[in-house]
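Report on the following structure.
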Amino acid sequence: MAKFLTNRDENYSQWYNDLVIKADLAENSAVRGCMVIKPYGYAIWEKIQAELDRLFKATGHVNAYFPLFIPKSFFSKEAAHVKGFAKECAVVTHYRLKNDENGNVVVDPTAKLEEELIIRPTSETIIWHSYKNWIKSYRDLPILINQWANVVRWEMRTRLFLRTTEFLWQEGHTAHATREEALEEAEKMINVYAGFSENSMALPVIKGYKSENERFAGALDTFAIEALMQDGKALQAGTSHFLGQNFAKAFDVQFTDRTGKLDYVWATSWGVSTRLMGAIIMGHADNHGLVLPPKLAPIQVVIIPIYKNIEQLGTLSDTAKKIKAGLEALGISVKYDDRDNNKPGWKFADYELKGVPVRLAIGPRDLENNTIEVARRDNLTKETIPIDKIYEHIPKLLDDIQENIYNKALNFRKENTFYVDKWDDFLKVLDNQGGFIMAHWDGTVETEEKIKEESKATIRCIPFDSPEEKGKCVYSGKPSNRRVLFARSY
RNA sequence: CGGGGUGUGGCGCAGUUGGUAGCGUACUACGUUCGGGACGUAGGGGCCGGAAGUUCGAGUCUUCUCACCCCGACCA
């Protein structure tokens, strides 16, 4: 049936691309590496945004907005930060165009900027520049701000949603009076992300510390959530950084504490991006198309009429519209698709491709029996039930689907997590099926880099809950106190 | 930046030794259909990525360019 999609097992990345295009989520644009997010894809992003925004506000944060442009000089203030982003910055050098003698549009050389502007790859610098003016006393703290924005990172290779030159995200930037409070904030937010991922996206994640090598540019500690995709590769789904006093020092943000002493402010930053769309796709979708978690599906239930003529459609529509209204009253988003230009079979396939969790089909046979056909996307099963039962049945079914796809993803991860002690086995696992590898590591950057060179796997994180366990580094054989999470990643 | 590939109606493709562009699909109209991607009939839509050259004649040959996609190195 899924002849419209590349088979997932034959060519995973082609399957992914096909899916994004054919499910009408996004398409490539006229600008290299930048995508057009189409209405259906954007609707999913809006659901993600709405829930995250709710969670941020529930944990005391407020939204604000800072400029797209950052003066170049700001970047030179935090050394590690500039080193991390310098290679991928878009730079604005002029502010005017003009027509030349041949009628071509050219950059007006007289309109050169005194100081170039960087299009933000992330906003720490411009935000901390503002915070300097906002913070004088411990009474001004904490500042708990989030920003919904677009950022630009001039990546060499891009993929729809997973890595685009411009992407949408949220970035939280908080300021605190104490080290403990900032650390607590950074941990709190990685927990918010993990909760969102598991509850809303139905994707289990591993929370942990990033190794020094993988840490955010300018951070003292980076926490991350890592999800396992169906091709055995890891996807970093969110990060939360403990920035220490680095940015406060770089931007000279000091405050007077309770005892009248001057100190630098403690900081965190945290973010998730449209990459989460990629996580949802690669975490759940199958050869029939997307499988959306009910909590993030723009359309949770679609109703499709099956009819022989217009009169019949009229009768069916009366019932279908009643059902739609009844379900909507329960807070469920419903689409009634009575378009006449496609047959039912076509619509079935199309909504499967789009990952709509529940499909209701209603035809003359059902009208006679007062029944309706209920099909679920996650396992593609169908059942016929009495119409008056659906108001009770559908909400439960949506919950059930949400839970089922979570469990499916969790089982997949369990089956593809390997405890490995020998280097040979390490390589074998990666070449056979990929997946998560829990292995001992001697804690050195050199070993981490050698492992990356020879296996293309990186330390995804040092899991918070990785128990203390004496062992030997899988690569160097040197002693180690706990296992860390390795994988090839996106 | 290296390796590979592709540019021809909206989309997917064909186009032979150079001879004036075709198929599928989508679209429009009408009719028959409608419980897993229906069918018939009629219709509209393309200076073949761009430039220069060879030729009586170029989608096709030559040179140069541009763009995009895929695979690596870099990254959320």
Side-chain angles (χ1 to χ4, degrees), chain A residues 1-6 11-14 16-18 21-22 24 27-35 83-89 121-122 151-171 193 210 213-217 222 224-227 234-241 269-279 288-289 304-310 312-313 316 338-353 359-369 371-373 375 380 382 384 452-453 456 458 460 488-490:
Chain A
M1 186 186 309
K3 56 190 168 185
F4 305 91
L5 262 186
T6 302
N11 186 342
Y12 192 85
S13 81
Q14 186 65 46
Y16 175 83
N17 279 324
D18 268 19
I21 304 287
K22 291 188 173 153
D24 220 20
E27 61 188 26
N28 284 304
S29 72
V31 183
R32 191 206 78 100
C34 295
M35 63 177 168
K83 196 160 170 278
F85 287 104
K87 287 173 291 183
E88 51 189 40
C89 284
T122 179
V151 289
V152 167
R153 295 183 189 173
W154 215 267
E155 303 285 357
M156 292 175 179
R157 204 162 109 57
T158 60
R159 299 190 62 184
L160 292 166
F161 288 118
L162 295 176
R163 180 169 303 107
T164 46
T165 302
E166 178 193 13
F167 57 95
L168 305 183
W169 76 344
Q170 58 70 217
E171 45 181 330
Y193 288 153
K210 282 288 178 187
N213 227 13
E214 300 275 329
R215 211 173 272 161
F216 176 74
T222 288
I225 52 171
E226 294 285 332
L235 185 76
Q236 179 175 305
T239 48
S240 179
H241 314 292
S269 69
W270 28 272
V272 298
S273 70
T274 32
R275 169 179 263 199
L276 291 182
M277 299 282 294
H288 295 262
I304 295 170
I306 296 157
Y307 55 93
K308 296 204 188 301
N309 52 54
I310 297 297
Q312 217 170 50
L313 175 63
L316 285 167
D338 61 351
R339 288 176 303 169
D340 194 34
N341 54 342
N342 293 119
K343 288 181 56 181
W346 191 94
K347 293 178 185 174
F348 291 174
D350 194 48
Y351 289 106
E352 270 162 23
L353 184 59
R359 181 185 72 229
L360 302 177
I362 182 163
R365 221 158 61 203
D366 294 299
L367 273 195
E368 268 176 45
N369 306 326
T371 58
I372 193 158
E373 184 188 83
L380 296 166
K382 299 190 270 202
T384 300
K452 184 175 174 182
E453 246 169 63
K456 288 184 196 154
T458 50
R460 301 319 305 153
R488 287 187 183 146
S489 75
Y490 279 97

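Side chains are part of it too, since the values below use all heavy atoms of this structure and drop only hydrogens, waters and symmetry mates. Each chain gets a letter, A, B and so on, in the order its sequence line appears, and its residues count up from 1.
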Legend entry - Phosphate OP1/OP2 of B:C71 contacted by A:Ser13 side-chain N/O (<4.0 Å): yes
Inset, instruction - Any strand is fair game: report the nucleotide pairing with B:C61 by Watson-Crick or G-U wobble, both distances under 3.5 Å, or none. - result: B:G53
Inset, instruction - Indicate, with a heavy-atom threshold strictly under 4.0 Å, whether A:Asn17 touches base, sugar-phosphate, or nothing. - result: sugar-phosphate
Inset, instruction - Provide the Watson-Crick or G-U wobble partner of B:G9, both distances under 3.5 Å; none if there is no partner. - result: none
Legend entry - Integer angstrom distance from the P of B:G46 to that of B:C56: 31 Å
Inset, instruction - Taking only the side-chain heavy atoms of A:Arg163 (C-beta and beyond), determine which of B:C27, B:G35, B:C75 contains the nearest atom. - result: B:C75
Legend entry - Touch class at under 4.0 angstrom, heavy-atom based, for A:Thr239 against every strand present: nothing
Legend entry - A:Ser489 or A:Pro364, whichever maps to the more 5' nucleotide of RNA chain B: A:Pro364
Legend entry - Whole-Å distance separating the CD1 atom of A:Ile306 from the P atom of B:A38: 13 Å
Inset, instruction - With P as the reference atom in both, quote the distance from B:G53 to B:G43 in angstrom, rounded to an integer. - result: 41 Å
Legend entry - Matching residue for A:Tyr307 among A:Leu367, A:Ile362, A:Asp338, A:Asp340 - test: side-chain contact (heavy atoms from CB on, under 4.5 Å): A:Asp340
Legend entry - Base-pairing mate for B:C48 - Watson-Crick or G-U, with both contacts under 3.5 Å: none
Inset, instruction - Send over the distance from A:Tyr12 OH to B:C70 C1', rounded to a whole Å. - result: 17 Å
Legend entry - Phosphate contact (B:C34 OP1 or OP2) by A:Asn309 side-chain N/O below 4.0 Å: no
Inset, instruction - Could you tell me whether the side chain of A:Arg153 and the main chain of A:Glu88 form a donor-acceptor pair under 3.5 Å? - result: no
Inset, instruction - Report yes or no: is the cationic atom of A:Arg163 (NZ for Lys, CZ for Arg) closer than 6.0 Å to the six-membered ring centre of A:Tyr490, at no more than 45° off its axis? - result: no
Inset, instruction - Look at all strands and tell whether A:Leu162 reaches a base, only sugar-phosphate, or nothing, counting heavy atoms closer than 4.0 Å. - result: base
Inset, instruction - Scan A:Glu155 against the nucleic acid and name what it touches under 4.0 Å (heavy atoms): base, sugar-phosphate only, or nothing. - result: base
Inset, instruction - Under a 3.5 Å limit for both distances, which nucleotide forms a Watson-Crick or G-U wobble pair with B:G43, could you say? - result: B:C27
Inset, instruction - Find the distance A:Lys87:NZ to B:A73:P and express it as a whole number of Å. - result: 14 Å
Legend entry - Atom P, compared across B:A58 and B:G50: separation rounded to whole Å: 15 Å
Legend entry - Closest listed nucleotide, where the reference is the side chain of A:Ala349 and the choices are B:C74, B:C34, B:G36: B:G36
Inset, instruction - Determine the contact category for A:Thr274: base if any of its heavy atoms lies under 4.0 Å from a base atom, sugar-phosphate if only primed atoms, P, OP1 or OP2 are that close, otherwise nothing. - result: nothing
Legend entry - Length of the line joining A:Arg157:CZ and B:C71:C1', which is rounded to integer Å: 6 Å
Legend entry - G-U wobble or Watson-Crick pairing nucleotide for B:C1 (cut-off 3.5 Å, both distances): B:G72
Inset, instruction - Starting from C1' on B:U32, measure out to CG on A:Asn341 and report it in whole angstrom. - result: 17 Å
Inset, instruction - Using the C1' atom as the reference point in each nucleotide, state the distance between B:G49 and B:G7 in Å, no decimals. - result: 6 Å
Inset, instruction - Would you kindly give the CD1-to-P distance between A:Ile372 and B:G35, to the nearest whole Å? - result: 17 Å
Inset, instruction - Would you indicate which nucleotide in B:C69, B:C74, B:G72 comes nearest to any side-chain atom of A:Lys456? - result: B:G72
Inset, instruction - Round to the nearest Å and state the distance from A:Leu235 atom CG to B:C75 atom P. - result: 16 Å
Legend entry - A:Asn17 side-chain N/O to A:Gln14 backbone N/O, donor-acceptor pair under 3.5 Å: no
Inset, instruction - Rounded off to whole Å, could you give me the CD1-to-C1' distance for the A:Ile21 and B:G10 pair? - result: 14 Å
Inset, instruction - Could you tell me whether the side chain of A:Glu352 has a donor or acceptor atom within less than 3.5 Å of a complementary atom in the base of B:G36? - result: yes
Inset, instruction - Name the nucleic acid region contacted by A:Gln14, choosing base, sugar-phosphate or nothing; use a 4.0 angstrom heavy-atom cut-off, strictly under. - result: nothing
Inset, instruction - Name the closest nucleotide to the A:Phe348 side chain, picking from B:G36, B:C74, B:C69. - result: B:G36
Inset, instruction - With A:Thr222 as reference, evaluate A:Arg215, A:Glu214, A:His241 under the side-chain hydrogen bond (donor to acceptor under 3.5 Å, both in side chains) test and give the passing residue. - result: A:His241
Inset, instruction - Quick one: label A:Thr222 by what it contacts on the DNA or RNA (base, sugar-phosphate, nothing), any heavy atom closer than 4.0 Å. - result: nothing
Legend entry - Minimum-distance nucleotide to A:Lys343 side chain [options: B:C34, B:G36, B:G72]: B:C34
Inset, instruction - Spell out, as yes or no, whether a donor-acceptor pair under 3.5 Å connects the side chain of A:Lys347 to the backbone of A:Arg339. - result: yes
Inset, instruction - Pick the C1' atom in B:C13 and in B:C71, then give their distance to the nearest Å. - result: 24 Å
Legend entry - Crowding at CH2, A:Trp154 (>12 non-hydrogen neighbours, <6.0 Å): no
Legend entry - Main-chain N/O of A:Ala224 paired to A:Tyr193 side chain as donor or acceptor, under 3.5 Å: no
Legend entry - Nearest-nucleotide pick for A:Arg159, side chain only, options being B:C71, B:C75, B:C34: B:C71
Legend entry - C1' spacing across the pair B:C30 / B:G36, given as an integer number of angstrom: 27 Å
Inset, instruction - Give one of base, sugar-phosphate or nothing for A:Asp350, where a contact means two heavy atoms less than 4.0 Å apart. - result: base
Inset, instruction - Would you indicate what A:Phe167 reaches in the nucleic acid, counting non-hydrogen atoms under 4.0 angstrom: base, sugar-phosphate, or nothing? - result: base
Inset, instruction - Specify the residue among A:Asn213 and A:Lys347 whose closest nucleotide of RNA chain B lies further upstream toward the 5′ end. - result: A:Lys347
Legend entry - Gap in Å between the two P atoms, one belonging to B:U16 and one to B:C34, rounded: 44 Å
Legend entry - Nearest-Å distance once atom P is located in both B:C75 and B:G59: 48 Å
Inset, instruction - Classify the side chain of A:Lys382 and the base of B:G36 as holding, or not holding, a donor-acceptor pair under 3.5 Å. - result: yes
Inset, instruction - Give the nucleotide from the list B:G35, B:C74, B:C71 with an atom nearest to the side chain of A:Lys452. - result: B:C74
Legend entry - Pairing partner (Watson-Crick or G-U wobble, both distances under 3.5 angstrom) of B:U16: none
Legend entry - A:Glu171/A:Val151 under side chain to side chain contact (heavy atoms under 4.5 Å, CB included): CA gap, chis, key distance, verdict: CA-CA 10 Å; A:Glu171 45 181 330; A:Val151 289; 4.2 Å; yes
Legend entry - Assigned partner base of B:A38, Watson-Crick or wobble definition, under 3.5 Å: B:U32
